[in-house]
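Okay, structure first, notes after.
When a ligand or atom number is given, it counts from 1 through the structure's own listing order.
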Amino acid sequence: MQNILVINAGSSSIKYQLIDAERATRLASGLVERIGERQVGEVAAGRVKHEAAGRTLEWRTNIADHTEGFAQLTRAFAESGTPLGSLGIIAVGHRVVQGGSDFLEPTLINDAVAQRILELAELAPLHNPGHYDAIVAARAAFESVPHVAVFDTSFHQTMPPAAYSYAIDPEVAEKHGIRRYGFHGISHQVVSQRAAAVIGRPVHQLKQIVLHIGNGASASAIHRGRSIDTSMGLTPLEGLMMGTRSGDIDPGVLLHLLRAGYDADGVDKLLNKHSGLFGMAGSNDMRDVRQAAEVGDAAAQLAIDVYVHRLRHYVGAYLLELGGADTIVFTAGVGENNPGLRARVCEGLSWFGIELDPERNAAQSDTARVISSDGSRVAILVVPTDEEVEIAKQTRALVTA
Ligand code: ADP
C-alpha cells in the first residue's frame with residue numbers, strides 16, 4: 001500500500017482525502033469545519049463529516065484549534081472501522097496556496113519550510129496562516145511519516161518577467177513581494193498533461209490554453225508543458241470573473257471606494273466575497289444563475305455575458321502569446337459541466353481553427369474527452385481536474401525518490 005493523506009486546510013477547516021497514490025483512487029474523504037468557532041445555544045459549533053466505502057459519518061463537537069481538528073480526523077477513521085494506523089500511510093501531502101518565489105516544486109516540510117510558509121502569509125493572509133496551523137498540528141499528530149507541501153503557485157514560476165511583472169516602481173514591488181504568482185497550478189499542470197495524453201501527443205510539443213473555471217477561476221497559457229502566463233496575479237483576485245470574486249478591475253475603483261468611505265477590509269469583502277456571479281446575480285452557483293437567465297432575469301443574463309466576455313478575452317490573449325494553440329481545455333465545476341457556456345466561449349472562432357462539435361459538447365461524461373469537430377485545427381477538450389490525486393502522486397514521487 002502506498003497511501004497518502006492529502007490535507008487542504010484553511011483557517012477554520014481541514015478538508016482531507018486518503019488516496020492510494022499508486023492506483024490514483026480515493027479511499028476516504030472528509031471535512032472538519034468551523035474550527036475555533038464558539039458554541040452558541042444547544043448545538044456544538046464544529047462539524048465533522050467522513051465518507052468511506054459508501055458510508056457517511058457525521059457529528060458535531062466543539063473544535064478549538066487545528067490540533068483538536070486532527071484528533072477529530074483520527075477519530076473519524078477509527079469510527080469508520082479503519083484506524084489510520086492500519087491504512088499504510090507513507091506520507092502526508094499538504095496543499096499550500098502561496099509559495100512565493102521560493103518553492104518551485106513539491107517540498108519536504110521541515111521546521112524552516114514551515115516557517116517560510118508562515119512568512120509568506122504576508123502575500124496570502126487568507127490562506128497561508130491556516131496552512132501553517134494545519135502543518136504544525138499534522139506534523140505532531142503524524143510524526144512518523146514525512147510531510148510534503150505542494151504549492152498552487154509552483155507551476156507558474158516559469159512565467160517570463162514580461163508576464164509576471166506589474167508596471168510599478170520596481171523598488172516598491174521588490175520590497176513588498178508584488179508580482180504575479182498565479183494559482184491553481186496543480187490543476188493547470190495535471191489537466192494539460194492529461195489533455196496531451198488524450199490526443200496522443202507529447203506535452204512538450206504542445207501549445208495549450210487551460211480554462212479552470214470553478215468557484216475560483218483562472219486561465220493559463222502553457223507552452224511545451226511550461227506555464228508562460230496565467231490570469232491570477234499577486235492574489236487569486238485577478239483575471240476571470242468568478243463565483244464571488246470580481247476578477248480584473250480598474251485599480252482606480254479601489255481608490256474611488258476608499259475615498260468614498262470604504263476601508264481596506266470593506267473593499268476586500270466587496271471584491272473577494274460579494275462580487276462575481278454572486279455580486280451581479282445573487283448566487284455564486286452557475287446553475288442558479290443559468291436558470292435565472294433562462295427565465296429572463298436580466299441581471300443573471302448580464303452576469304453570464306460578462307463571465308463569457310472575460311473568458312474570450314483571455315483565450316484571445318493567449319492565442320497571441322502562444323502563436324496559436326493545439327488544445328483548449330475546459331476543467332473544474334463550470335468547465336466540466338456546462339456545455340452551453342463552452343459553446344459561447346468557442347462561438348464564431350472557426351477563423352482561428354476553433355470549432356466545437358455540438359453533439360460531443362452536449363454529451364454528459366465524467367471522462368477526459370475531445371469535444372471539437374474532426375476538422376477543428378485546435379483540439380477542444382473537457383478534462384476533469386483532480387487536484388487531490390495529483391497532490392498524492394507528487395507527494396509519493398518525492399518521498400519514494
Ligand atoms: P471550487 O472552485 O469550489 O472547487 P468547483 O470546481 O466545484 O468549485 O465549481 C463550482 C461551480 O461549478 C459552481 O458554479 C457550479 O454551479 C458549477 N457546477 C458544478 N457541477 C455542475 C453541474 N453538474 N452542472 C453545471 N454546473 C455545475
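Remark: Arg139 is not positioned above the aromatic ring of Phe142, lacking an NZ or CZ atom under 6.0 angstrom from the ring centre and at most 45 degrees off the axis.
When hydrogens are left out, the protein atom nearest atom 26 (N) of ligand 1 is Arg287 CG, 3.5 Å; that is the closest non-hydrogen contact. Nearest protein heavy-atom neighbour of atom 2 (O) of ligand 1: Asn215 N, 3.0 Å. Protein heavy atom in closest approach to atom 15 (C) of ligand 1: Asp285 OD1, 3.4 Å.
Between the side chains of Gln189 and Gln394, at least one donor N or O lies within less than 3.5 Å of an accepting N or O. Counted by atom type alone, Ser218 and His188 present one or more donor-acceptor pairs between their side chains at under 3.5 Å. Side-chain contact of Glu238 with Tyr166: a donor-acceptor pair under 3.5 Å is present, judged by distance alone. A donor-acceptor pair shorter than 3.5 Å can be found between the side chains of Thr385 and Ser187.
Between Asp386 and the options Arg26, Arg194, Lys393, a salt bridge (charged side-chain N to carboxylate O under 4.0 Å, His left out) holds for only Arg26.
Each of the following atoms of ligand 1 lies closer than 4.0 Å to a heavy atom of Gly216: 2 (O). Interface atoms of ligand 1 facing Asn284, defined by a heavy-atom separation under 4.0 Å, are 14 (O).
Of the candidates Val334, Asn337, Leu341, Asp288, Asn337 brings a heavy atom nearest to atom 24 (N) of ligand 1.
Polar contact check, Gly333 against ligand 1: a nitrogen or oxygen pair lies under 3.5 Å apart. Considering backbone and side-chain N/O of Met286, one or more are found under 3.5 Å from N/O of ligand 1.
In this structure, atom 4 (O) of ligand 1 has no protein heavy-atom contact shorter than 4.0 Å.
Between Tyr181 and His156, the ring center distance fails the sub-6.0 Å criterion.
Between Asp229 and Arg180 there is a salt bridge, with a side-chain nitrogen of the basic residue lying less than 4.0 Å from a carboxylate oxygen of the acidic one.
At a 4.0 Å heavy-atom cut-off, ligand 1 does not touch Asn338 at all. Counting heavy atoms closer than 4.0 Å to ligand 1, residue Leu277 contributes nothing at all.
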